[in-house]
Amino acid sequence: MSPRPETAANTSARVRFAPSPTGHLHVGGARTALFNWLYARHHGGAFILRIEDTDRSRSTEENIHSIVEALTWLGLDWDEGPPTPGYRQTERMELYHEHALRLVTMGRAYYCDCSAETLDAERKAAQARVETFRYSGRCRERGLIAGALRLRIPDEGATVVNDLIHGPVTFEHRQLDDWILVRTDGTPTYNFCVVVDDVTMRITHVIRGNDHLSNTPKQILCYEALGYAVPEFAHVSMILGADRSRLSKRHGATSVQAFRDAGILPEAMANYLARLGWSHGDQEMFSRGELIELFDIKDVASSGAIFDLVKLEWLSQEYMKRSAGARLAELVRPFLAGAGLPVPADMPWLARVMETLRERGKTLVEIVEVGRFYFARPSAYEPKAAQKFFTREGTARLAALIERLETVPEFTPSALEKLYRELTATLGLKLVDLAQLTRLAVTGTTASPPIFEVLALLGRDETLARLRAARAHVEAA
RNA sequence: GGCCCCAUCGUCUAGAGGCCCAGGACACGGCCCUCUCAAGGCUGAAACACGGGUUCGAAUCCCGUUGGGGCCA
């Protein structure tokens, strides 16, 4: 019963990600998808997307679209799946019924018409004896031809799940019961659909959340009853909230799109998710290629991990610092629009702007906040700073600056710095005095990228306009 | 309640019996750099849940306890 040997080139590996479209893509699901995708890409196998939409009341088209969008944003592409038909459970009903019938024919499943009351009584009795509830098997030999279809489970022995992450996990058959494959109303159950889907899609490795580990022995018994080879299993731990319970809405944002909308870079999100439960020595950042090359399901940790937004944001900033201005310029556009700011048409200019901003925020949303002044004139001046700098001497200094800036031949950072240093010396001041005065006039605040770069990017006309506006503002006061 | 999983700094983790009086990263404190804010550099504090074994030697193996989580109900 040792796991089959893994080789680097396991091109026949077929893995799948099978979300239920009952909401947006959760970060836990995204990590499961990522691990599957990495497994497939590492081994040169196939990554399949399957939509588990049997819960018709909660599954929607919008959710399918949203999941597809989130996976795409993360850069996870699938080799088989939507929009190709046949990858949604609702399209596969005949398959479930075919397989159910086969199990009946082979004598591995039987119909049961026990009432809810009968079952309840059994359940209560089991609890009274301090035991796992297990269906009595009353209908096993009755030869019914209708009712709920149950899988006949052996009374003796045990099933071992040879988990790639946890190692062998043994489940005694006496803890398992003849579970329901198809309900009385004809609808197949979740566990049965999964088995039939994984069998018919020829899945070789089932990588999924730890919450399914308890279902696995039941599924293995179903594979065996059907006469199919059992795939390998790997159960990935859950992502937890700060209180160590399963991450949910009450812990804050949980959907992938929420982080996208918060301006997290997609590569940061993927890197973060990969590092949550997986590691490679002391390395924190991995390129996509490194991830594919280094990822090994056996290195995935078996314990749960708390989702840490602060570290995700740190990674996002690290990726921004390393991103080319041109790429950030593309990425930031929707965020500018979202903040109600004009979206510049001059992309090379925007790219240079982004180069001055990229290490000053953790997300694109923060970048827009700190760089707002590039796109709109200040609507107000920071009061404390205004009190300090917008004084009588302040206006005189502004006037001196305006006069010189009007005539400086080159409006470049180095020329501007030279001008400022000379004027500083002439007036017997420190550079910080003029720099902060200018910063306040031009940005409305006392914090910004290096002031000479800011002025150069704003250009002579805009700089002068803002300086004059500041002077007018002081004089009016 | 039954079954199953898990347990190293606040958090993510390295560690597969001696290399560890436990390493890295985030966050936090200090110093330096500096036109501001960042970024950067240096630096500090911070963990093997507990109790038994096994072994010359255990964070690492075994058992139990406690705690957390999941599945079923």
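Letters A, B, ... are given to chains in the order of the sequence lines, protein chains preceding strands, and every chain is numbered from 1. Quick note: numbers below take in every heavy atom, side chains included, and nothing from hydrogens, waters or symmetry partners.
- Using cut-offs of 30° and 60° for the angle between ring planes, the A:F233 and A:Y223 rings count as perpendicular.
- Look at A:E267 and A:R288 and you find no salt bridge, because none of the NZ, NE, NH1 or NH2 atoms lies under 4.0 Å from a carboxylate O.
- Atom CG of A:L429 is separated from atom OH of A:Y420 by 12.0 Å, given to the nearest 0.5 angstrom.
- Between A:F233 atom CZ and B:C4 atom P there is a gap of 18 Å when expressed in whole angstrom units.
- To the nearest angstrom, P of B:C4 lies 10 Å from CZ of A:R174.
- Closest to the side chain of A:R439, from the set B:C5, B:C35, B:C71, is B:C35.
- Listed for the A:H42 side chain is a donor-acceptor partner under 3.5 Å among the backbone atoms of A:E293.
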Exercise for the section: Mark up nucleotides 6-15 of chain B, 5' to 3', with B wherever a protein heavy atom is under 4.0 angstrom from a base atom, S wherever such an atom reaches only the sugar-phosphate, and - elsewhere. Expected result: SS---SBSS-
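- Aromatic pair A:H212/A:Y190: centroids less than 6.0 angstrom apart.
- Between B:G51 and B:G15, the two P atoms lie 26 Å apart (nearest whole Å).
- Nucleotide B:C35 holds its P atom 13 Å from the CG atom of A:L434, rounded to whole Å.
- Rounded to the nearest Å, the gap between the C1' atom of B:C9 and that of B:A22 is 10 Å.
- Ionic pairing of A:R16 and A:D197 is not present here: no N-O contact between side-chain nitrogen and carboxylate oxygen is shorter than 4.0 angstrom.
- Counting heavy atoms from C-beta outward, A:H173 and A:D155 have side chains that stay 4.5 Å or more apart.
- Rounded to a whole Å, the NE2 atom of A:H173 is 13 Å from the P atom of B:C4.
- Shown for residues 393-432 of chain A: residues whose heavy atoms fall under 4.0 angstrom of RNA chain B, namely A:R421, A:L431, A:V432.
- Taking the six-membered ring for Trp and thresholds of 30 and 60 degrees, A:H280 and A:W278 have nearly parallel ring planes, at less than 30 degrees apart.
- If you check B:G64 for Watson-Crick or wobble pairing at under 3.5 angstrom, you find it paired to B:C50.
- For the C1' atom pair drawn from B:G64 and B:U11, the interatomic distance equals 29 Å after rounding to whole Å.
- Residues A:H251 and A:D243 bring a donor and an acceptor atom of their side chains to less than 3.5 Å of each other.
- Rounded to whole Å, the P atom of B:C50 lies 35 Å from the corresponding atom of B:G41.
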Problem - Derivation of the salt bridge (charged side-chain N to carboxylate O under 4.0 Å, His left out) call for A:R404 and A:E422 - result: CA-CA 11 Å; A:R404 276 155 217 253; A:E422 282 168 6; over 6 Å; no
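- Look at B:A25: its Watson-Crick or wobble partner, with both distances under 3.5 angstrom, is B:U11.
- Distance A:Y319 OH to B:C26 C1': 15 Å, rounded to the nearest Å.
- Near-neighbour residues of RNA chain B inside residues 355-374 of chain A, defined by a heavy atom below 4.0 Å, number-ordered: A:E359, A:R360.
- With a cut-off of 3.5 Å on both Watson-Crick or G-U wobble distances, the partner of B:C56 is given as B:G18.
- In this structure, CG on A:L419 lies 11.5 Å from OG on A:S414, to the nearest 0.5 angstrom.
- Nucleotides B:A45 and B:G29 have their P atoms positioned 16 Å apart, rounded to a whole Å.
- Between the CG atom in A:L103 and the CG atom in A:L181 there is a gap of 6.0 Å [rounded to 0.5 Å].
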Exercise for the section: List the steps and the verdict of ring-ring contact (aromatic ring centres under 6.0 Å, His included) for A:Y272 and A:F259. Expected result: CA-CA 12 Å; A:Y272 179 72; A:F259 294 102; 8.7 Å; no
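- Among the heavy atoms of the strands, none lies under 4.0 Å from A:E382.
- Relative to the side chain of A:Q436, the nucleotides B:G70, B:C26, B:C35 differ in distance, and B:C35 lies closest.
- B:U66 and B:G52: their C1' atoms are spaced 14 Å apart (whole Å).
- B:U60 and B:G18: their P atoms are spaced 12 Å apart (whole Å).
- Applying the salt bridge (charged side-chain N to carboxylate O under 4.0 Å, His left out) rule to A:R360 yields no partners; only residues at least two apart in sequence or on another chain are considered.
- Here the nucleotide nearest the side chain of A:N210, chosen from B:C35, B:C5, B:C3, is B:C5.
- Residues of residues 449-463 of chain A that place a heavy atom closer than 4.0 Å to RNA chain B, in numerical order, are A:P449, A:P450, A:I451, A:F452.
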Review item, side-chain donor-acceptor pairs of residues 234-241 of chain A, under 3.5 Å, at least two apart:
residue: A:H235; atom: ND1; partner: A:D163; partner atom: OD2; Å: 2.7
residue: A:H235; atom: NE2; partner: A:R208; partner atom: NH1; Å: 3.3
residue: A:H235; atom: NE2; partner: A:T216; partner atom: OG1; Å: 3.1
residue: A:S237; atom: OG; partner: A:S303; partner atom: O; Å: 2.9

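- B:G2: Watson-Crick or G-U partner is B:C71, with both key distances under 3.5 Å.
- A:D178 pairs with exactly one of A:R108, A:R150, A:K218, A:R140 by the salt bridge (Lys or Arg N to Asp or Glu O under 4.0 Å) rule, that one being A:R140.
- If you measure from atom CE of A:M354 to atom P of B:A38, you get 18 Å, rounded to the nearest angstrom.
- Comparing B:G17 with B:G70, their P atoms sit 33 Å apart, to the nearest whole Å.
- Between the CG atom of A:L119 and the P atom of B:C72 there is a distance of 16 Å, rounded to whole Å.
- Each of B:A38, B:C35, B:A27 was ranked by its minimum atom distance to the side chain of A:Q317; first place goes to B:A38.
- The separation between A:W179 atom CH2 and B:C71 atom P is 17 Å, rounded to whole Å.
- If you check B:U34 for Watson-Crick or wobble pairing at under 3.5 angstrom, you find it has no partner at all.
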